[in-house]
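This structure is a prediction, so every number in the text was calculated from the model and none was measured.
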Amino acid sequence: MLPIPLNNHVKLKIRKMTIPSFFILIVIYNKNPEESSTIVSLANTDDRFKTNMRCLVCDNSKNELDDTQKRKLDYMLKGLEYQYAYNDGRNKPLSEIYNETIKKLRSEEYLIILDDDSVFDSELFGKCSLAISENKDIDLFLPVIYNNDTVVSPAVLRRFKGHYIKNIKTGRIKCKDITAINSGMIIKAEYLKERFEGYDERIKFYFTDNDFMSKYDSTHNELFVLDYRMNHTLNFYMRGECFEKKKSRFRDLRRSYLILMRRKGMWLYLLTQIYLFVYSIKFSIQQRDIRFIFVF
């Protein structure tokens, strides 16, 4: 699915607007720079946006980029102020990375969170810049995220059950019960540094996005959905993974989900326990492995 093209009226407005300052966080995992569609997309971004960007490439891979790969990254991100940070072979929890990144932000910046497999072009920054200039009071901007032909973000999380939205409304929308995936979020730094309580570091990977959206919902009435389509891959498991790795992911998802629901009350927490037990049975059938029923 390609991004929606800009019409002449929008192009004229973008040319006249002030481009805000962006801090781009990219978390990569076991990929070289040219293997990351996010880094490739950023490398191909118009230079006029790069002059207003800082970038942190946070590497959660087992092995650090070698000198050749670092030179490749330097070449791809030329003209862009960036830092490469290797986490010493540790797959550092996203909640920790996000909290550490917030400390690095300047108050006038907007944080853009990206995984390593997103696809976008300069129109993302153009439409985002235009929306920011016309909606100074909004703290969160979201592109429309597609996985193949399915809109996966924004979505609805009502009580303990989530579902996708078929007809996405762009512009300012009420944020009640709205959730979104991390990749593509554009968040005002002033909000993150001054009013956001921080990511719950007990929630390590899965549901960090729901953790943020739940806290945002509790203090805001609106967010802004950009008229921009961005492609992103959603793969809960990688092909050929052994049971132990799948179990670890499944346990993290289950544990994080329960932490999130426990904050919302004991009744929802108990209902989620039942829901997850039923889900584990269905997942065991799907994976043809009864052991998932006993993952706690």
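Listed by chain and residue number, nothing satisfies the side-chain hydrogen bond (donor to acceptor under 3.5 Å, both in side chains) test with Glu81 (two or more places apart in sequence, or in another chain). With sequence neighbours excluded, the residues forming a side chain to side chain contact (heavy atoms under 4.5 Å, CB included) with Arg172 are Asn135, Asp137, Ile138, Glu222, Phe224, listed by chain and number. Among residues two or more places apart in sequence or in another chain, the side-chain hydrogen bond (donor to acceptor under 3.5 Å, both in side chains) test is passed with Lys264 by none. With sequence neighbours excluded, the residues forming a salt bridge (Lys or Arg N to Asp or Glu O under 4.0 Å) with Glu96 are Arg90, listed by chain and number. Scored by the side chain to side chain contact (heavy atoms under 4.5 Å, CB included) test, Arg263 finds Asp200, Ile203, Asp211, Ser214, Lys215, Leu260 as partners (sequence neighbours excluded). Under the side-chain hydrogen bond (donor to acceptor under 3.5 Å, both in side chains) criterion, Tyr216 pairs with no residue at all, not counting sequence neighbours. Glu108 meets the side chain to side chain contact (heavy atoms under 4.5 Å, CB included) test with Ser21, Arg106; sequence neighbours excluded. Looking at residues two or more places apart in sequence or on another chain, you find a salt bridge (Lys or Arg N to Asp or Glu O under 4.0 Å) between Asp46 and Arg48. Take Ile173 and apply the side chain to side chain contact (heavy atoms under 4.5 Å, CB included) test, not counting sequence neighbours, and it matches Lys169, Ile178, Leu223, Val225.
Proximity of Pro33 to Leu65: side-chain heavy atoms (C-beta onward) are separated by under 4.5 Å at one or more points. When side chains are defined from C-beta on, Phe23 counts as touching Thr101, because their heavy atoms get closer than 4.5 Å. With a 4.5 Å cut-off on side-chain heavy atoms, Lys104 and Glu109 do not count as touching. Side-chain contact between Asn60 and Ile97: present, with at least one pair of heavy atoms (C-beta onward) separated by less than 4.5 Å. Within the 4.5 Å cutoff, the side chain of Met261 has no heavy atoms near those of the Leu271 side chain. The shortest distance between side-chain heavy atoms of Met213 and Leu140 falls below 4.5 Å. Looking only at side-chain heavy atoms (C-beta outward), Pro154 and Ile168 come within less than 4.5 Å of each other. The side-chain heavy atoms of Leu226 and Ile186, taken from C-beta on, include a pair separated by under 4.5 Å.
Across Leu130, Asn52, Ile132, a single residue satisfies side chain to side chain contact (heavy atoms under 4.5 Å, CB included) together with Ile19, and that is Asn52.
Side chain of Arg158 to backbone of His163: no donor-acceptor contact under 3.5 angstrom is found. Judged by distance alone, with hydrogens and angles left aside, the side-chain atoms of Lys62 form no donor-acceptor pair with the main-chain N or O of Asn91 at under 3.5 Å. Listed for the Ser256 side chain is no donor-acceptor partner under 3.5 Å among the backbone atoms of Phe207.
Closest approach of Met230 to Val119, counting heavy atoms only: CG-O, 3.1 Å. Ala180 approaches Met185 most closely through the heavy-atom pair O-CE, 3.7 Å. Across Leu114 and Ser183, no two heavy atoms sit closer than the pair CA-OG, 3.5 Å. Considering all non-hydrogen atoms of both residues, Tyr29 and Ser61 come closest at C-OG, 3.5 Å. A pairwise comparison of heavy atoms in Asp59 and Asn63 identifies OD2-O, 4.1 Å as the closest pair. Of all heavy-atom pairs between Leu42 and Ile26, the closest is CD2-CD1, 3.8 Å.
Under the salt bridge (Lys or Arg N to Asp or Glu O under 4.0 Å) criterion, the residue pairs touching residues 180-194 are Asp139-Lys188, Glu190-Arg195, with sequence neighbours excluded. For residues 52-88, there are no ring pair (Phe, Tyr, Trp, His ring centres under 6.0 Å) pairs, not counting sequence neighbours. For residues 31-45, the side-chain hydrogen bond (donor to acceptor under 3.5 Å, both in side chains) pairs, not counting sequence neighbours, are Lys31-Asp116, Asn32-Gln69.
Using a 30° and 60° split on the angle between ring planes, His220 and Tyr191 fall in the perpendicular class, above 60°. Between Tyr275 and Tyr279, the angle of the ring planes stays under 30°, which puts this pair in the parallel group of the 30/60° scheme. Between Phe120 and Phe125, the angle of the ring planes goes over 60°, which puts this pair in the perpendicular group of the 30/60° scheme.
Note that the CD atom of Glu197 and the CZ atom of Phe212 stand 11.0 Å from one another [nearest 0.5 Å]. The CG atom of Asp227 lies 13.0 Å from the SG atom of Cys128; values are rounded to the nearest 0.5 Å. A distance of 9.5 Å separates CG of Leu258 from CG of Leu253, quoted to the nearest 0.5 Å. Between the CD1 atom of Ile145 and the CG atom of Asn182 there is a distance of 10.5 Å, given to the nearest 0.5 Å. The distance from atom CZ of Phe22 to atom OG of Ser129, rounded to the nearest 0.5 Å, is 3.5 Å. Ile28 CD1 to Asp117 CG: the interatomic distance, rounded to the nearest 0.5 Å, is 12.0 Å.
When hydrophobic clusters are built by joining Ile, Leu, Val, Met, Phe, Trp and Tyr residues whose side-chain heavy atoms come closer than 4.5 Å, directly or via intermediates, Met266 is grouped together with Leu276.
Side chains of Asp209 and Tyr98: a donor-acceptor N/O pair is absent below 3.5 angstrom, by distance only.
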Legend entry - Pair Val151-Lys166, side chain to side chain contact (heavy atoms under 4.5 Å, CB included): steps then yes or no: CA-CA 7 Å; Val151 176; Lys166 291 184 178 180; over 6 Å; no
Inset, instruction - Go through the steps to decide whether Ile281 and Phe277 satisfy the test side chain to side chain contact (heavy atoms under 4.5 Å, CB included), and finish with yes or no. - result: CA-CA 7 Å; Ile281 295 173; Phe277 178 69; 3.7 Å; yes
Inset, instruction - Would you sort out whether Glu64 and Lys70 count as a side chain to side chain contact (heavy atoms under 4.5 Å, CB included), showing the intermediate values? - result: CA-CA 9 Å; Glu64 186 176 5; Lys70 287 180 180 178; 2.8 Å; yes
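Note on Asp252 versus Lys204: no salt bridge recorded, every NZ/NE/NH1/NH2 to OD/OE distance being 4.0 Å or above.
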